[in-house]
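Read the structure below first, then the notes.
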Amino acid sequence: QVQLVESGGGSVQAGGSLRLSCAASVRTFRNYAMGWFRQAPGKEREFVASISWSGNSNDYSDSVKGRFTISRDNTNSAYLQMHSLKAEDTAVYYCAADCKGGADVRSWAYWGQGTQVTVSS
């Protein structure tokens, strides 16, 4: 079982930055790919970024490429550094873990409770 806890959300003006953190409670963190998804009001949950178990491979949605960076370390944590935030980035951001992962929401077995990011224009 994997438990995930996100932190670092908040309110920021357009053009600002935030760093989200995801703490994983699991003994074999290195076995899991990590991902970030987001869900805006009235919309479906969408893929934002993912990073492989080794940290050597990552993937981003086109909407955040060049602005967001996903990373992980050996403290059982994953991060999402967000720069040049836009109003359309406003959403609840979720951390996810899975042995494989992918861009499909259904590919991820474990989810955190989410953290709100609000970007004002």
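Formation of a donor-acceptor pair under 3.5 Å by the Ser54 side chain with backbone atoms of Asn56 is found in this model. Counting only distance, with no hydrogens or angles, the side chain of Ser50 and the backbone of Gly35 share no donor-acceptor pair below 3.5 Å. With hydrogens and angles disregarded, a donor-acceptor distance shorter than 3.5 Å links the side chain of Ser52 to the backbone of Ser57. Checked by atom type and distance alone, the side chain of Trp108 pairs as donor or acceptor with a backbone atom of Gly102 at under 3.5 Å. Panel note: side chain Asp98, backbone Ala109; a donor-acceptor pair is recorded below 3.5 Å.
Note on ring orientation: taking the six-membered ring where Trp is involved, the planes of Phe68 and Tyr93 are tilted (angle from 30° to 60°).
The side-chain heavy atoms of Gln3 and Tyr110, taken from C-beta on, include no pair separated by under 4.5 Å. Side-chain contact check for Val48 versus Tyr60: every heavy-atom pair is 4.5 Å or farther apart. For the pair Trp111 and Phe37, the minimum side-chain heavy-atom distance is below 4.5 Å. For the pair Gln81/Ser71, no side-chain contact is recorded, criterion being any heavy-atom separation below 4.5 Å from C-beta on. Using a 4.5 Å heavy-atom cutoff, the side chains of Arg67 and Asp89 are in contact. Residues Thr90 and Gln116 meet the side-chain proximity criterion, which asks for heavy atoms closer than 4.5 Å. Two residues are said to be in side-chain contact when any heavy atoms from C-beta on lie closer than 4.5 Å; Tyr32 and Leu4 fail this criterion. Taking 4.5 Å as the limit, every side-chain heavy atom of Glu6 sits out of range of all side-chain heavy atoms of Ser21.
Of all the heavy atoms in Gly101 and Ser107, the pair that sits closest is O-CB, 3.6 Å. The two atoms that bring Ser84 and Ser17 nearest to each other are N-OG, 4.4 Å, heavy atoms only. Across all their heavy atoms, Ala23 and Ser77 have their closest contact at CA-OG, 4.3 Å.
Using a 4.5 Å cut-off between side-chain heavy atoms of Ile, Leu, Val, Met, Phe, Trp and Tyr, with links allowed through other members, Trp53 and Phe29 fall into different hydrophobic clusters. In the hydrophobic cluster analysis, where Ile, Leu, Val, Met, Phe, Trp and Tyr join through side-chain heavy atoms closer than 4.5 angstrom, Tyr79 is grouped apart from Val2. Two different hydrophobic clusters hold Val105 and Met34 under the rule that ILVMFWY side chains link at heavy-atom gaps under 4.5 Å.
To the nearest 0.5 Å, atom NE2 of residue His83 and atom OG1 of residue Thr69 are 6.0 Å apart. Distance OG/Ser63 to CD/Glu46: 5.5 Å, rounded to 0.5 Å. Atoms CZ and CZ, on Arg30 and Arg72 in that order, are 10.5 Å from each other to the nearest 0.5 Å. Rounding to the nearest 0.5 angstrom, the gap separating the OG atom in Ser11 from the CG atom in Leu85 is 11.5 Å. Rounding to the nearest 0.5 Å gives a distance of 10.0 Å between CG of Asn58 and NZ of Lys65.
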TODO: Tell me, with the steps shown, if Arg38 and Leu20 meet side chain to side chain contact (heavy atoms under 4.5 Å, CB included).
DONE: CA-CA 12 Å; Arg38 66 187 182 187; Leu20 305 183; over 6 Å; no

Open item on the list: Under the criterion side chain to side chain contact (heavy atoms under 4.5 Å, CB included), I'd like the reasoning laid out for Leu80 against Arg19: C-alpha separation, chi angles, the key distance, then a yes or no.
Closed with: CA-CA 6 Å; Leu80 186 68; Arg19 188 192 194 208; over 6 Å; no

Task: Audit row: Val12, Thr118, side chain to side chain contact (heavy atoms under 4.5 Å, CB included) steps and yes/no - done: CA-CA 6 Å; Val12 64; Thr118 302; over 6 Å; no

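Aromatic pair Trp36/Phe47: ring centres not closer than 6.0 Å.
Within 6.0 Å of atom NZ in Lys43, 12 or fewer heavy atoms from other residues, nucleotides or ligands are found, so the atom counts as exposed in its surroundings.
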